[in-house]
Amino acid sequence: LLSAGHSNTSLCNWLLDFLTGRPQAVRVGSNTSSTITLHNGAPKGCVLSPLLFTLLTHDCTPSHNSNLFIKFADYTTVVGLISNRDETNYRSEVSHLAGWCSDNNLSLNVEKTKEIVVDFRRAHTQHVPLTINGATVERVSSTKFLGVHITEDLSWTDNTAALTKKSQQRLYFLRKLRRARAPPPIMYTFYRGTIESILTSCITVWYAACNASCRKTLQRIVRAAEKIIGVSLPSLQDIYGTRLTRKALCIAGDPTHPSHSFFSLLPSGRRLQSLQARTSRLKDSFSHQAVRKLNSLLTLPPTFPLFPHAPLNSEPQS
């Protein structure tokens with residue numbers, strides 16, 4: 001934290017006082033726990049905490065163009081593209097991240113770290129186990145990333161099963177509200193907040209790639225909620241279309257977004273340049289679905305900016 005080339009002592013001392021020596025206690029009803037003093041971390045729900053996190057991790061960036069760092073609080077993910085069976089860049093990137101954590105007094109929990117390999121080639125390569133600080137990272141066939149279950153074959157059966165189980169548990173409480181003669185507006189609000197929010201979590205990522213069976217399974221929960229509440233509810237297909245359009249327009253209007261280059265207007269200015277796809281898996285991905293959705297609109301929004309032509313997408317090797 002510098003000001004005019006010199007350290008701002010007052011600001012640093014203020015932040016030090018903010019982050020250290022914070023008393024904390026828990027109160028339940030009339031009972032209060034003993035007080036403990038915290039000297040690490042940042043207060044949750046505080047406006048300043050995300051800014052401090054950004055300042056701390058601003059230099060935690062990949063050193064190779066084929067890799068990507070996804071940083072979310074204490075949850076960091078390394079995404080690497082392996083080409084021509086050369087894993088050098090990917091493995092050096094993991095070592096680079098481990099070194100950065102060590103230099104910044106952060107410890108990596110290797111036991112909780114998982115590795116998943118997505119490879120659709122006919123001839124699969126046997127990958128040498130990944131190690132961090134001498135410890136081997138467990139390789140899994142599926143993992144949970146920010147609430148979404150991702151599998152090595154990029155199918156969404158596991159994710160659908162998890163959403164179904166969680167939503168059905170919430171239906172039990174919705175039925176209790178009906179038995180308590182709660183008015184439909186109250187039950188509808190409960191449905192939106194506790195059931196629909198689960199069914200539509202990250203829906204723009206996985207819904208298009210779901211098979212028909214998964215979609216029917218999730219839609220049955222919506223129909224069950226309709227019968228309980230007694231009102232018509234929006235289908236998942238309609239919600240997906242609305243959110244896909246909104247997200248696509250948001251990315252297309254943000255030149256700093258990593259996927260911004262996929263949204264390129266044709267010379268006519270009335271349609272976007274289509275993205276090529278050799279497989280249905282790539283065709284059902286977000287970028288391709290988003291471009292197709294915007295092209296299905298009768299007219300693009302009048303404020304839709306004119307972007308340079310984007311290169312056609314290609315399919316990664318692994």
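Between N295 atom CG and L266 atom CG the span is 7.5 Å, to the nearest 0.5 Å. Taken from CG in L174 to CZ in R179, the straight-line distance is 10.0 Å, to the nearest 0.5 Å. Rounding to the nearest 0.5 Å gives a distance of 12.5 Å between NE2 of H260 and OG of S287. If you take CG on D158 and OG on S142, they are separated by 5.5 Å, rounding to the nearest 0.5 Å. Taking CG of N104 as the start and CG of D59 as the end, the distance is 6.0 Å to the nearest 0.5 Å. Taking CZ from F286 and OG1 from T204, the interatomic distance works out to 5.5 Å, rounded to the nearest 0.5 Å.
Between the side chain of N84 and the main chain of D86, no donor-acceptor pair closer than 3.5 Å is present. In this structure a side-chain-to-backbone donor-acceptor pair under 3.5 Å is missing from E93 to P62. Judged purely by atom type and a 3.5 angstrom limit, S201 has no side-chain atom pairing as donor or acceptor with the backbone of I198. Between the side chain of H96 and the backbone N or O of T61, at least one donor-acceptor pair lies under 3.5 Å. Using a distance-only test at 3.5 Å, with no hydrogens or angles considered, a donor-acceptor pair links the side chain of D119 to the main chain of R121. No donor-acceptor distance shorter than 3.5 angstrom exists from the side chain of S102 to the backbone of G99, with no hydrogens or angles considered. Side-chain atoms of S49 come within 3.5 Å of backbone atoms of P43 as a donor-acceptor pair (strictly under, hydrogens ignored). A distance-only check finds a donor-acceptor pair linking the side chain of R215 to the backbone of A208 [under 3.5 Å].
Minimum interatomic distance between N67 and G80 (heavy atoms only, all atoms of both residues): OD1-CA, 3.2 Å. Nearest heavy-atom pair across L108 and A98 is CD1-CA, 3.8 Å. Taking both residues in full, the closest heavy atoms of K293 and G241 are given as CE-O, 3.6 Å, listed atom of the first, atom of the second, then distance. Nearest heavy-atom pair, P129 versus T136, reported as atom, atom and distance to 0.1 Å: CB-CG2, 3.8 Å. When all heavy atoms are compared, the tightest approach of V117 to R139 is CG2-NE, 3.9 Å. In plain terms, the two heavy atoms of L56 and W100 that are nearest each other are O-CZ2, 3.4 Å.
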- Message: Test side chain to side chain contact (heavy atoms under 4.5 Å, CB included) on F120 and R281; report intermediate values, then the result.
- Response: CA-CA 10 Å; F120 295 108; R281 185 182 299 106; 3.3 Å; yes
- Message: Between T160 and C210, is the side chain to side chain contact (heavy atoms under 4.5 Å, CB included) condition met? List the steps.
- Response: CA-CA 9 Å; T160 300; C210 272; 4.1 Å; yes
- Assess whether side-chain hydrogen bond (donor to acceptor under 3.5 Å, both in side chains) is satisfied between S213 and N211, documenting all intermediate values. CA-CA 5 Å; S213 176; N211 55 40; 4.5 Å; no
- Message: Could you walk me through whether Q219 and Q237 satisfy the side chain to side chain contact (heavy atoms under 4.5 Å, CB included) test, starting with their C-alpha distance in whole Å, then the side-chain angles of each, then the deciding distance to 0.1 Å, before giving a yes or no?
- Response: CA-CA 9 Å; Q219 189 60 38; Q237 179 67 45; over 6 Å; no
Please report, to 0.1 Å, the donor-acceptor pairs under 3.5 Å made by any side chain of residues 18-28, with sequence neighbours excluded.
from : atom 1 : to  : atom 2 : distance (Å)
T20  : OG1    : L16 : O      : 2.6
R22  : NE     : L19 : O      : 3.2
R22  : NH2    : N40 : O      : 2.9
R22  : NH2    : G41 : O      : 3.1

Please output the side-chain donor-acceptor pairs of residues 184-197 that fall under 3.5 Å, not counting sequence neighbours, one pair per line with the distance.
from : atom 1 : to   : atom 2 : distance (Å)
Y188 : OH     : R192 : NH1    : 3.3
T189 : OG1    : P185 : O      : 2.9
R192 : NE     : E196 : OE2    : 2.6
T194 : OG1    : F190 : O      : 2.6
S197 : OG     : G193 : O      : 2.7

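The hydrophobic clustering, which links ILVMFWY residues whose side-chain heavy atoms are closer than 4.5 Å, places L297 and L275 together. No continuous path of hydrophobic side-chain contacts links L106 to V110 [ILVMFWY only; heavy atoms under 4.5 Å]. Residues L218 and L154 are members of one and the same hydrophobic cluster, defined by side-chain heavy-atom contacts under 4.5 angstrom among Ile, Leu, Val, Met, Phe, Trp and Tyr. Under the 4.5 Å side-chain contact rule for hydrophobic residues, V140 and Y90 do not share a cluster. Under the 4.5 Å side-chain heavy-atom criterion for ILVMFWY residues, a single connected hydrophobic cluster contains both L171 and V231.
A 6.0 Å sphere centred on CG of D103 holds more than 12 heavy atoms belonging to other residues, nucleotides or ligands. The neighbour count for K144 NZ, taken as heavy atoms of other residues, nucleotides or ligands under 6.0 Å away, does not exceed 12.
At least one side-chain heavy atom of S285 sits less than 4.5 Å from a side-chain heavy atom of L282. The shortest side-chain heavy-atom distance between R91 and V128 falls under the 4.5 Å cut-off. Contact of the F69 side chain with the V78 side chain is registered, since non-hydrogen atoms from C-beta on lie closer than 4.5 Å. Counting heavy atoms from C-beta on, the side chains of L294 and T245 come closer than 4.5 Å. Using a 4.5 Å heavy-atom cutoff, the side chains of W156 and T151 are not in contact. By the 4.5 Å heavy-atom criterion applied to side chains, H257 and F263 are not counted as neighbours. You'll find the side chain of V222 stays beyond 4.5 Å of the side chain of S235, heavy atoms only. In this structure, the side chains of Q289 and Y207 stay at 4.5 Å or more apart for every pair of heavy atoms.
Ring orientation note: the planes of Y75 and F145 are tilted relative to one another, at an angle of 30° to 60°.
With side-chain heavy atoms closer than 4.5 Å counting as contact, directly or through intermediates, the hydrophobic cluster containing L38 also holds I36.
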